[in-house]
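Structure record follows, encoded as structure tokens.
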Amino acid sequence: VRREVEAIFTSMGYEVLDGPEVELDYYNFQALNIPVDHPSREMQDTFYCDDDHTLVMRTQTSPVQIRAMERMTPPFRVIVPGRVFRNEEQDATHEHTFHQVEGLVVGEGIQVGHLTWTLRRFLNELFDRELEVRLRPGYFPFVEPGFELDVRCPFCTEGCRVCSGSTWVEFCGCGLVHPNVLEAGFGGRDDVDHEKLTGFAFGFGLDRLVML
């Protein structure tokens, strides 16, 4: 499934990137608009690798966003598939190691419509059918505005166990890249004016996609 996801996005002009699984707190949190005292850190049960809490097992593939901005010249489109880690008790719905796919598009004039078209196109390609999607408001520190994207259940029309009877399946978090993240990624570069840039980002669980 990961190879299929990569094939669909590369056909849309995306580059596939990778990044370290043992990550600096700066890239995993601070540069993504999540400062040391930010309450969202409590939502991410983190494996810390040192006493100073400067090294972490990455809780998301989003740190590669910043690494991409530091070295790539806009406009660009990238996805980042990979393993992520959360310090959670294992049960039927929780796992300490799972897989995500992060997406990032940066350029000028990027709007929410570009985001929804991209995700709908991807899902239609993956499931080989036309699927309805919708956006709901959602909060993520690294995007503004932020959304939750739902997809119409591929398995029913009136409700089933997969969609808990709602006919919608929650698919991913997404939104327009927060200006603070653009500044963190491009602010140290003389060749890029980050104030002229916009972008969108999304992240979904590959494990959930496999189950679907």
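The residues of the chain are indexed from 1 along the displayed sequence.
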Is the shortest heavy-atom distance from the side chain of Leu206 to the side chain of Val5 under 4.5 Å? yes
Here the pair of heavy atoms bringing Glu15 nearest to Met72 is OE1-CE, 3.4 Å
Identify the residue among Asp52, Asp51, Asp50 that makes a side-chain hydrogen bond (donor to acceptor under 3.5 Å, both in side chains) with Thr54. Asp50
Apply the test side-chain contact (heavy atoms from CB on, under 4.5 Å) to residues Leu24 and Leu55: give CA-CA distance (whole Å), side-chain angles for both, the deciding distance (0.1 Å), then the verdict. CA-CA 5 Å; Leu24 291 170; Leu55 282 176; 3.8 Å; yes
Looking only at side-chain N and O atoms, does Thr46 offer a donor or acceptor that is under 3.5 Å from a partner on Asn87? no
With a 4.5 Å heavy-atom cut-off, do Val22 and Cys49 have their side chains touching? yes
Transitive ILVMFWY cluster of Val84 at side-chain heavy atoms under 4.5 Å: who else is in it? Phe98
Asp25 backbone acceptor or donor facing Arg58 side chain under 3.5 Å: no
Atom CG of Asp91: over 12 foreign heavy atoms under 6.0 Å: yes
With a 4.5 Å heavy-atom cut-off, do Glu21 and Thr97 have their side chains touching? no
Which pairs of donor and acceptor atoms, one on a side chain in residues 103-113, lie under 3.5 Å apart (sequence neighbours left out)?
none

Phe140 versus Cys174, closest heavy-atom pair with distance: CE1-N, 4.0 Å
Nearest heavy-atom neighbours spanning Cys172 and Gly203: CB-O, 3.1 Å
The reported gap from CD in Glu183 to NE2 in His194 (rounded to nearest 0.5 angstrom) is 4.5 Å
Cluster check Ile79, Met69: I/L/V/M/F/W/Y, side chain < 4.5 angstrom: no
Closest heavy-atom pair, Ala201 versus Leu115, reported as atoms and distance to 0.1 Å, is O-CD1, 4.3 Å
For the hydrophobic clusters of this structure (ILVMFWY residues joined by side-chain heavy atoms under 4.5 Å, transitively), does one cluster hold both Met12 and Leu17? no
Same apolar cluster: Tyr27 and Val78, side chain cutoff 4.5 Å: yes
d(Ile8 CD1, Arg3 CZ) to nearest 0.5 Å is 13.5 Å
Evaluate side-chain contact (heavy atoms from CB on, under 4.5 Å) for Phe171 paired with Val133, printing each intermediate quantity in order. CA-CA 9 Å; Phe171 177 62; Val133 300; over 6 Å; no
Other than Met211, what residues sit in its cluster of Ile, Leu, Val, Met, Phe, Trp and Tyr side chains whose heavy atoms are under 4.5 Å apart, directly or through others? none
Hey, could you give me the NE2/CE distance between His96 and Met57, rounded to the nearest 0.5 Å? 10.5 Å
Sequence neighbours left out, what passes ring pair (Phe, Tyr, Trp, His ring centres under 6.0 Å) with Phe122? Give chain and number order. Phe9, Phe204
Side-chain donor or acceptor of Asn33 paired with backbone N/O of Asn180 under 3.5 Å: no
Do we see a donor-acceptor contact under 3.5 Å between the side chains of Gln60 and Glu102? no
Please check if Val177 and Leu135 belong to a single hydrophobic cluster, counting links between Ile, Leu, Val, Met, Phe, Trp and Tyr side chain heavy atoms closer than 4.5 Å. no
Does any part of the side chain of Thr61, heavy atoms only, come nearer than 4.5 Å to the side chain of Val101, both counted from C-beta? no
Applying side-chain contact (heavy atoms from CB on, under 4.5 Å), run through Glu95 and Gln90 and close with a yes or a no. CA-CA 5 Å; Glu95 176 61 82; Gln90 289 180 277; 2.8 Å; yes
For the CG atom on Asp191, are there more than 12 heavy atoms of other groups (residues, nucleotides or ligands in this structure) within a distance under 6.0 Å? yes
Correct closest heavy-atom pair for Leu32 and Ser62 would be CD1-CB, 3.6 Å
Is a side-chain N or O of Asn28 found less than 3.5 angstrom from the main chain of Pro63, in a donor-acceptor match? no
Kindly indicate whether the side chain of Phe200, heavy atoms from C-beta on, has any atom under 4.5 Å from the side chain of Thr118. yes
Do the side chains of Tyr14 and Glu6 get nearer than 4.5 Å, heavy atoms only? no
Taking the side chain as every heavy atom from C-beta outward, state whether Pro137 and Pro145 have any pair of such atoms under 4.5 Å apart. no
Whether Arg120 and Glu125 form a salt bridge (side-chain N of Lys/Arg under 4.0 Å from carboxylate O of Asp/Glu) is what I want to check. no
Hey, could you give me the CZ/NZ distance between Phe186 and Lys196, rounded to the nearest 0.5 Å? 14.0 Å
Do the non-hydrogen side-chain atoms of Val162 and Cys156 ever get within less than 4.5 Å of each other? no
Apply ring-ring contact (aromatic ring centres under 6.0 Å, His included) to residues Phe142 and His178 and explain how you reach the verdict. CA-CA 5 Å; Phe142 30 85; His178 197 292; 9.6 Å; no
Honestly curious: do Leu131 and Phe147 fall in one hydrophobic cluster under the side-chain, below-4.5 Å linking rule? yes
State, without any angle test, whether Tyr139 and Glu144 hold a side-chain donor-acceptor pair at a distance under 3.5 Å. no
Which is it for Phe85 and Thr59 under the side-chain contact (heavy atoms from CB on, under 4.5 Å) test, yes or no, and what are the steps along the way? CA-CA 5 Å; Phe85 309 88; Thr59 61; over 6 Å; no
Compare every heavy atom of Thr198 with every heavy atom of Leu182, then report the nearest pair and how far apart it is. CD1-CA, 4.3 Å
According to salt bridge (Lys or Arg N to Asp or Glu O under 4.0 Å), who are the partners of Arg77, at least two apart in sequence or on a separate chain? none
Return the CG to CZ distance between Leu126 and Arg121, rounded to the nearest 0.5 Å. 12.5 Å
Residue pairs meeting side-chain hydrogen bond (donor to acceptor under 3.5 Å, both in side chains), one or both in residues 147-175, sequence neighbours left out, come to Glu132-Arg152, Arg134-Asp150, Arg136-Asp150, Arg152-Thr167
